[in-house]
Amino acid sequence: MPKAPDCRGERNPWPEWPRVCKTDYGQEEAIAKFGADPRIYQTTVTRLISDKDHNLTAIETVKLGDDLKPVPGTEETRPCQLLLIAAGFLGPRKEVPEAFGLELTERSNVKTPAGSYFAGVPKVFSAGDMRRGQSLVVWAIQEGRAAAREVDEFLMGYTGLN
Ligand SMILES: Cc1cc2nc3c(=O)[nH]c(=O)nc-3n(C[C@H](O)[C@H](O)[C@H](O)COP(=O)(O)OP(=O)(O)OC[C@H]3O[C@@H](n4cnc5c(N)ncnc54)[C@H](O)[C@@H]3O)c2cc1C
């Protein structure tokens, strides 16, 4: 992905979550030790290179354009002994929402009315990451409990769950 801006953009005013480049203490330490920010943006790994004993020795990378497609001629080989894959969350898988014919938000989460877990199709409710997008375990627990209350009320006409 491209580097986030250092300051808030015009379309990202307070009190929205600041979508800016953050430098954590670990990165600050790396900058202090190695003299430069170790992060490389808009670049992907295309090949892993190992020695005869199958130990990783290098990676091949290529820069990505603004369309996130490889830019020919920007291939590089970089030494590498340890590769950690950090997989991000791009939204819930589509199979379940598609199977139930659920409407999605612009961030590809299941759409529910504000303050409700009803997914818009009779007898279907949604909670947790599927409803709010990538988040925290505490939110998943809270939403699971609140959704259970709503399901109970739907089934029984009232709820004693709290
Ligand atoms: C790498 C990583 C690190 C994280 N670290 C933290 C952390 O440190 N602290 C923190 O608070 N949160 C962390 N999170 C976020 C946290 O894990 C999620 O917010 C939370 O697990 C969401 O809970 P959920 O019940 O909504 O969804 P999930 O935990 O994703 O549960 C959904 C379940 O549905 C099942 N499922 C999917 N499709 C079907 C189907 N068709 N039929 C039946 N079952 C199905 C899945 O197998 C899964 O068990 C992390 C997430 C990731 C990916």
Side-chain angles (χ1 to χ4, degrees), residues 1-6 8-9 11-12 14-34 37-48 50 54-56 58-64 68-70 78 80-156 158-162:
M1 299 300 283
K3 179 177 181 287
D6 291 318
R8 283 175 181 276
R11 298 175 65 180
N12 176 219
W14 183 90
E16 283 182 8
W17 176 260
R19 290 189 297 274
V20 295
C21 180
K22 297 181 188 71
T23 300
D24 215 332
Y25 54 85
Q27 291 151 345
E28 278 170 8
E29 193 176 318
I31 292 167
K33 184 166 169 58
F34 299 108
D37 193 331
R39 290 170 287 185
I40 301 169
Y41 299 92
Q42 277 183 263
T43 301
T44 196
V45 176
T46 49
R47 200 159 79 93
L48 309 183
S50 55
H54 307 293
N55 295 315
L56 183 65
I59 53 171
E60 267 181 24
T61 63
V62 67
K63 284 200 168 298
L64 303 176
L68 296 184
K69 298 225 168 78
R78 303 166 190 269
C80 178
Q81 291 78 45
L82 175 67
L83 180 72
L84 304 178
I85 301 174
F89 180 95
L90 293 174
R93 293 175 63 110
K94 302 291 170 290
E95 292 89 336
V96 172
E98 273 174 17
F100 286 98
L102 306 181
E103 196 182 338
L104 301 180
T105 66
E106 63 200 8
R107 301 187 68 193
S108 76
N109 303 315
V110 172
K111 194 167 184 176
T112 59
S116 167
Y117 298 85
F118 175 58
V121 169
K123 301 181 190 170
V124 181
F125 295 80
S126 175
D129 280 8
M130 190 93 171
R131 173 180 179 269
R132 50 177 319 115
Q134 78 260 36
S135 193
L136 298 172
V137 165
V138 285
W139 272 115
I141 295 169
Q142 200 275 341
E143 291 216 350
R145 292 171 66 106
R149 266 199 302 281
E150 203 170 325
V151 170
D152 191 37
E153 201 165 4
F154 169 77
L155 292 172
M156 305 295 290
Y158 65 93
T159 183
L161 299 177
N162 51 42

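Atoms within a ligand are numbered from 1 in the order they appear, just like the ligands themselves.
Between Leu64 and Thr43 there is no side-chain heavy-atom pair separated by less than 4.5 Å.
In this structure, Asn12 contributes its side chain and Trp17 its backbone to a donor-acceptor pair below 3.5 Å. No side-chain donor-acceptor contact under 3.5 Å links Arg8 to the backbone of Val20. In this structure a side-chain-to-backbone donor-acceptor pair under 3.5 Å is present from Asp37 to Arg39. With hydrogens and angles ignored, the 3.5 Å screen pairs no side-chain donor or acceptor of Glu98 with any backbone N or O of Glu95.
Within 4.0 Å of ligand 1, contacts by protein heavy atoms are made from Val96, Gly128, Asp129, Ser135, Leu136, Val137, Ala140.
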Donor-acceptor pairs under 3.5 Å, side chain of residues 115-129 to any protein atom, not counting sequence neighbours: which ones?
residue: Ser116; atom: OG; partner: Phe118; partner atom: N; Å: 3.1
residue: Ser116; atom: OG; partner: Glu150; partner atom: OE2; Å: 2.7
residue: Asp129; atom: OD1; partner: Ser135; partner atom: N; Å: 3.4

